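This one's a predicted model, so the numbers in the text were calculated from it and none came from an experiment. The first residue in the sequence is number 1, and the count goes up from there.
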Amino acid sequence: MAESIASSPSPGKGKERNSLEQEQLIAEYRDGIDLPSTFDIQIDLDVPRTISGHVMFKTRYGLGPQKVYICLVRLHDDYDTHDIFLPGFSGLLEAFYVQEKLMQRMLPGVYAVFKQNMISTTAYAVKWYITLFANTVPFQTQLRLWDIYFLEGKDVLVLMAISILWVFKDNLLSKEASFESILNLLSSFYVMEDEDALMAWLRRAMSDRRLRRDMAQWREEWKELVRTHKEKDALI
């Protein structure tokens, strides 16, 4: 995956420009690893306890970390992930707004239950978006989801959130469902029965021009709500 996004052309950029930018990023990485950083200790703690078994991460500051650096820069600059982490989390709240609009259309019963029980999207979906579902679905599913994300953009993340809610809808609509049980369910690790069916649904949804147009319109609506300071009342 790192190989794929690090070497593939960024959206709207030609291959020559992309190649030049990649060479510049490699040079920046090699220069940067020799500079002191307050994050060195944390990196040295995190890598061994997470991905030390991967062949590309057995050497400190080797090829694997270099490709990760390029990927992260690309995600920040070309895929708008920086919006998620801006002060106030404007990009994250925008995704929540679009998700809730889709819930009203596709899962009105679930939306009503969440609103009745005051279950805000921020209560369960933050980790979905800020990790790109890395701690929510199996690794193989992550790779396939990220492939769509790198090709088509951030709408697929919202649709993935909707798909999880859809799978759990019977539990969410159960009379026995409570605030605690719903949050426990949505914080669990999600393993789908048929991964191919999930990916087929995501592809169909991403190919739906009307749906994508509506999602773009909702993103603009959110920006207008923020501009006019009316966003606080727009989410559950």
Between R144 and D196 (salt bridge meaning N to carboxylate O under 4.0 Å), is one present in this structure? yes
Using side chain to side chain contact (heavy atoms under 4.5 Å, CB included) as the criterion, list what pairs up with E221, not counting sequence neighbours. Y97, K101, Q217, W218
Shortest non-hydrogen pair, G88 vs L93, comes out as O-CD1, 3.5 Å
dist Q22:CD -> I26:CD1 (nearest 0.5 Å) comes out at 5.0 Å
Are side-chain heavy atoms of D83 and F89 found at a separation under 4.5 Å? no
When the ring centroid of Y190 is compared with that of F133, is the distance short of 6.0 Å? no
Within 6.0 angstrom of K115 NZ, more than 12 heavy atoms from elsewhere: no
Quick one: do Y61 and L35 end up in the same hydrophobic cluster if we chain Ile, Leu, Val, Met, Phe, Trp and Tyr together by side-chain heavy atoms under 4.5 Å apart? no
Nearest heavy atoms of M106 and W166, plus distance in Å: O-CZ3, 3.7 Å
State whether the number of non-hydrogen atoms from other residues, nucleotides or ligands found under 6.0 Å of E224 atom CD is greater than 12. yes
According to side chain to side chain donor-acceptor pair (under 3.5 Å), who are the partners of R204, at least two apart in sequence or on a separate chain? none
With distance as the sole test, does R212 use its side chain to make a donor-acceptor pair with the main-chain N or O of M206 at under 3.5 Å? yes
Among L145, V156, L157, find the one that has a side-chain contact (heavy atoms from CB on, under 4.5 Å) with L132. L157
Determine, using the 4.5 Å side-chain heavy-atom cutoff (strictly less than), whether M118 and F179 are members of one ILVMFWY cluster. no
Could you tell me the separation between the CZ atom of R213 and the CZ atom of R209, rounded to the nearest 0.5 Å? 9.5 Å
Roughly how far, to the nearest 0.5 Å, is the CG atom of L202 from the CG atom of D147? 12.0 Å
Using distance alone, with no hydrogens and no angle criterion, decide if Q99 and T121 have a side-chain donor and acceptor under 3.5 Å apart. no
Would you mind checking if R105 and D214 are paired as a salt bridge, meaning a charged N to carboxylate O distance below 4.0 Å? yes
Calculate, to the nearest 0.5 Å, the distance between atoms CD1 and CG belonging to I148 and L143 respectively. 11.5 Å
Within a strict 4.5 Å, meaning less than it, do heavy atoms of the L198 and T141 side chains meet? yes
Would you kindly confirm whether L151 and M215 end up in one hydrophobic cluster when ILVMFWY residues are joined by side chain heavy atoms under 4.5 Å apart? no
Mind listing the closest non-hydrogen atom pair of W201 and L159 along with its distance? CZ3-O, 3.4 Å
Taking H76's backbone N and O only, do any of them form a donor-acceptor pair with H82's side chain (distance below 3.5 Å, no angle check)? yes
Would you find a donor on one side and an acceptor on the other, under 3.5 Å apart, between the side chain of S174 and the backbone of N171? no
Do L86 and Y129 land in one hydrophobic cluster if side-chain heavy atoms of ILVMFWY residues count as linked below 4.5 Å? no
Counting N and O atoms only, with roles assigned by atom type, does the side chain of E100 sit under 3.5 Å from a partner on the main chain of L235, one being a donor and the other an acceptor? no
Report yes or no: does T131 contribute a side-chain atom to a donor-acceptor pair with the main-chain N or O of K127 at less than 3.5 Å? yes
Step by step, would you call Y149 with D155 a side-chain hydrogen bond (donor to acceptor under 3.5 Å, both in side chains)? CA-CA 8 Å; Y149 173 59; D155 280 354; over 6 Å; no
Side chains of E180 and N184: any donor to acceptor distance under 3.5 Å? no
Minimum heavy-atom distance between L186 and F168, given as atom pair plus value: CD2-CD1, 3.9 Å
Would R60 and D44 count as a side chain to side chain contact (heavy atoms under 4.5 Å, CB included) if you check the C-alpha gap in whole Å, the side-chain angles of each, and the deciding distance to 0.1 Å? CA-CA 8 Å; R60 188 174 189 260; D44 288 338; 2.8 Å; yes
More than 12 foreign heavy atoms under 6.0 Å from CD1 of I41: is that the case here? no
Please find the pair of heavy atoms, one from A205 and one from L211, that lie closest to each other, and give the distance. O-CD2, 3.6 Å
I need the L63 CG to F57 CZ distance, nearest 0.5 Å. 9.0 Å
In terms of side-chain geometry, is the basic nitrogen of K154 or E94 positioned less than 4.0 Å from the acidic oxygen of its partner? yes
Evaluate M160 against W128 for side chain to side chain contact (heavy atoms under 4.5 Å, CB included), listing each step before the verdict. CA-CA 9 Å; M160 182 64 190; W128 293 355; over 6 Å; no
Counterpart residues, ring-ring contact (aromatic ring centres under 6.0 Å, His included), relative to Y29 (two or more places apart): Y69
Counting only heavy atoms not in F189, do more than 12 sit closer than 6.0 Å to its CZ atom? yes
Going from CG on L102 to OG on S163, what distance comes out if it is rounded to the nearest 0.5 angstrom? 11.5 Å
Examine distances only and state if a side-chain atom of S187 and a backbone atom of L183 form a donor-acceptor pair shorter than 3.5 Å. yes
A side-chain contact here means heavy atoms from C-beta on lying under 4.5 Å apart; do L172 and V113 qualify? no
Distance-minimising heavy-atom pair for T81 and L75: OG1-O, 2.7 Å
I want to know whether Y124 and F114 have ring centres closer than 6.0 Å. yes
